Amino acid sequence: MVKGVIFDMDGTMFDTERLSTKGWIYAGKKLGVDIPVALTDSFRGRNPQAIRKKFAAYFGDRLDYDTARAMKHEYFDEVTKESVPHKEGLQDLLEYLKEHEIPAVVATSTERKRASRLIHMSGIEHLISNAIYGDMVERGKPEPDIFLKAAELIRQDPKECLVLEDSAPGLLAGKAAGGYTIYVPDIAVVSKEAKEGITAELADLHEVAAWIRKENKK
């Protein structure tokens, strides 16, 4: 049975991956450097430490990561200062979980300071049992640590938790955690290999509640 649901945040709960891409493009324009979308695509699902390494491997000494990241956040914070765009079906799914006493927990690679702001502004904070952030675990996705910790926070066996993800690192981490893993596509590029062995692929969050109902009746 599904006794807990673990949500990735960016690209799964909130429609923010597109904003991140636009933020990196904005930073590049301000700095007079092209920051390719292919590079920003490789950041999806990864924590800030992993992103820093990928950025440095691409740019070397040609571009300072902290400067570019600050400008990216400048853009992102401006466009989300009044609201956070939800992914289709998020509110309904969270209300379903609340009604059926299935705890929902966020497990995001984003650091606590930034992610907690989005959750607070989103209007769905009251429907979430707990959250764990990228700067609270030593090893980020694709390692399973953040999902194992999320299951611990809601006092559930990881094997009885459902992970909802949109990125390849997240799917790999979900599978490694040992429970159910559902892929809900966003804009992240996910290979066939990364999807091998997942529980299901669903079009959007509207379909998740029906899947849980069916699974818990078995």
Side-chain angles (χ1 to χ4, degrees), residues 5-28 35-48 51 69 71-98 104-128 131-134 140-141 146-147 150 162-171 173-174 181-190 194-195 198 200-212:
V5 178
I6 304 173
F7 287 79
D8 168 58
M9 188 182 74
D10 294 295
T12 301
M13 295 178 70
F14 305 142
D15 194 9
T16 45
E17 291 288 18
R18 291 170 180 81
L19 300 182
S20 290
T21 298
K22 290 178 180 179
W24 284 115
I25 293 170
Y26 167 85
I35 300 178
V37 172
L39 177 62
T40 64
D41 281 345
S42 74
F43 297 163
R44 305 198 195 285
R46 301 187 184 275
N47 64 21
I51 294 172
R69 182 171 180 261
M71 291 180 177
K72 176 247 187 184
H73 287 335
E74 176 185 298
Y75 173 89
F76 189 95
D77 292 348
E78 177 62 25
V79 297
T80 60
K81 68 181 180 181
E82 294 182 358
S83 64
V84 179
H86 291 188
K87 292 291 289 183
E88 187 72 24
L90 175 64
Q91 181 93 21
D92 290 344
L93 174 56
L94 287 171
E95 288 177 351
Y96 168 84
L97 296 176
K98 192 79 169 180
V105 57
V106 178
T108 175
S109 297
T110 302
E111 65 270 32
R112 180 173 189 150
K113 179 180 178 180
R114 299 194 60 77
S116 60
R117 168 186 168 269
L118 292 180
I119 292 170
H120 181 68
M121 291 178 58
S122 66
I124 48 84
E125 188 173 19
H126 63 291
L127 299 171
I128 296 170
I132 183 165
Y133 306 97
K141 305 170 188 178
I146 196 165
F147 293 142
L162 165 61
V163 168
L164 298 175
E165 266 287 355
D166 71 299
S167 72
L171 293 177
T181 302
I182 288 182
Y183 170 48
V184 185
D186 186 50
I187 63 171
V189 177
V190 177
K195 290 191 283 184
I198 64 172
E201 178 176 341
L202 300 178
D204 58 41
L205 296 177
H206 279 304
E207 298 187 5
V208 176
W211 184 92
I212 293 173

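Because the structure is predicted, anything quoted here is derived from the model rather than measured. The first residue in the sequence is number 1, and the count goes up from there. Both backbone and side-chain heavy atoms feed into the values below; hydrogens, waters and symmetry mates do not.
Lys81 meets the salt bridge (charged side-chain N to carboxylate O under 4.0 Å, His left out) test with Glu78; sequence neighbours excluded. For Lys195, the side-chain contact (heavy atoms from CB on, under 4.5 Å) partners at least two apart in sequence or on another chain are Leu171, Tyr183, Val190, Ile198, Glu201. With sequence neighbours excluded, no residue forms a salt bridge (charged side-chain N to carboxylate O under 4.0 Å, His left out) with Glu95. Shown here are the side-chain contact (heavy atoms from CB on, under 4.5 Å) partners of Thr40, two or more places apart in sequence or in another chain: Thr21, Trp24, Ile35, Val37, Phe43, Arg44. Annotation: side-chain hydrogen bond (donor to acceptor under 3.5 Å, both in side chains) contacts of Thr181 (sequence neighbours excluded): none. Take Asp92 and apply the side-chain hydrogen bond (donor to acceptor under 3.5 Å, both in side chains) test, not counting sequence neighbours, and it matches no residue. Partners of Tyr133 according to the side-chain contact (heavy atoms from CB on, under 4.5 Å) rule, which considers only residues two or more places apart in sequence or in another chain, are Thr108, Arg112, Ala115, Ser116, Ile119, Ala131, Asp135, Met136. By the side-chain contact (heavy atoms from CB on, under 4.5 Å) test, Ala200 is found to be paired with Ile182, Trp211, residues two or more places apart in sequence or in another chain being considered. Under the salt bridge (charged side-chain N to carboxylate O under 4.0 Å, His left out) criterion, Arg46 pairs with no residue at all, not counting sequence neighbours. Listed by chain and number, the residues in a salt bridge (charged side-chain N to carboxylate O under 4.0 Å, His left out) with Asp186 are Arg18, Lys87 (sequence neighbours excluded). Residues forming a side-chain hydrogen bond (donor to acceptor under 3.5 Å, both in side chains) with Asp10 (at least two apart in sequence, or on another chain): Thr16, Thr110.
Rounded to the nearest 0.5 Å, atoms CG (Asp166) and CZ (Phe7) are 13.0 Å apart. If you take CD on Glu88 and CG on Asp15, they are separated by 10.0 Å, rounding to the nearest 0.5 Å. Annotation: the span from Ile187 atom CD1 to Ser167 atom OG amounts to 11.5 Å, rounded to 0.5 Å. The CZ atom of Arg69 sits 14.0 Å away from the CD atom of Glu74 when rounded to the nearest 0.5 Å. Note that CG of Leu93 is 10.5 Å distant from CD1 of Ile124, once rounded to the nearest 0.5 Å. Between Leu90 atom CG and Asp204 atom CG the span is 11.0 Å, to the nearest 0.5 Å.
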May I have the step-by-step check of side chain to side chain contact (heavy atoms under 4.5 Å, CB included) for Asn47 and Ile146, ending in yes or no?
CA-CA 11 Å; Asn47 64 21; Ile146 196 165; over 6 Å; no
Step by step, would you call Met13 with Ile128 a side chain to side chain contact (heavy atoms under 4.5 Å, CB included)?
CA-CA 12 Å; Met13 295 178 70; Ile128 296 170; 3.9 Å; yes
Can you check side chain to side chain contact (heavy atoms under 4.5 Å, CB included) on Leu127 and Leu97, steps first, answer last?
CA-CA 8 Å; Leu127 299 171; Leu97 296 176; over 6 Å; no
I would like to know whether Thr80 and Arg117 meet side chain to side chain contact (heavy atoms under 4.5 Å, CB included); could you show each step before the answer?
CA-CA 10 Å; Thr80 60; Arg117 168 186 168 269; 3.1 Å; yes
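The number of heavy-atom neighbours closer than 6.0 Å to NE2 of His120, taken from other residues, nucleotides and ligands shown, is 12 or below.
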